[in-house]
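Read through the structure below, which is laid out as structure tokens, and then see the notes.
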Amino acid sequence: MFLSCFKATEMIEKGLHFKLSFKENIQLEVHKLMCDACTKYEKQSLRIEKGISEIEKTKAQLTDIVALKRIITSRIKGTYEN
């Protein structure tokens, strides 16, 4: 029933991308009640995932800005085709 830290961190990572089963959730929560390191690991992993998603959003926005600049430039030059 008790998880090792290795297994707990695997479940934390799995839980970031997939839904954990009821049993896995209970095991992970019990482990984190007794393990400060895994609790901190989970918080850090969540922060990293959030940061990565923000970077991806920024990349998408920058790509859109570059495309918009091309459209504006081509319209100014009169070469834009719909």
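Numbers here are sequence positions counted from 1.
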Distance (rounded to the nearest 0.5 Å) between Lys32 NZ and Glu42 CD: 3.0 Å

Scan the side chains in residues 43-51 for donor-acceptor partners under 3.5 Å anywhere in the protein, sequence neighbours excluded, and list what turns up.
unit_1	atom_1	unit_2	atom_2	d
Ser45	OG	Glu13	OE2	2.8
Ser45	OG	Tyr41	O	3.1

Pairwise distance CZ(Arg75) to OG1(Thr73) - rounded to 0.5 angstrom: 11.5 Å

Cluster overlap Phe18 with Leu28, hydrophobic side-chain contacts below 4.5 Å: no

Under 3.5 Å, sequence neighbours excluded: what are the donor-acceptor pairs made by side chains of residues 2-10?
unit_1	atom_1	unit_2	atom_2	d
Ser4	OG	Lys7	N	3.1
Thr9	OG1	Cys5	O	3.2
Thr9	OG1	Phe6	O	2.8

Straight-line distance of Glu24 CD to Ile26 CD1, nearest 0.5 Å: 11.5 Å

Separation between OG1 of Thr39 and CE of Met34, rounded to the nearest 0.5 Å: 10.5 Å

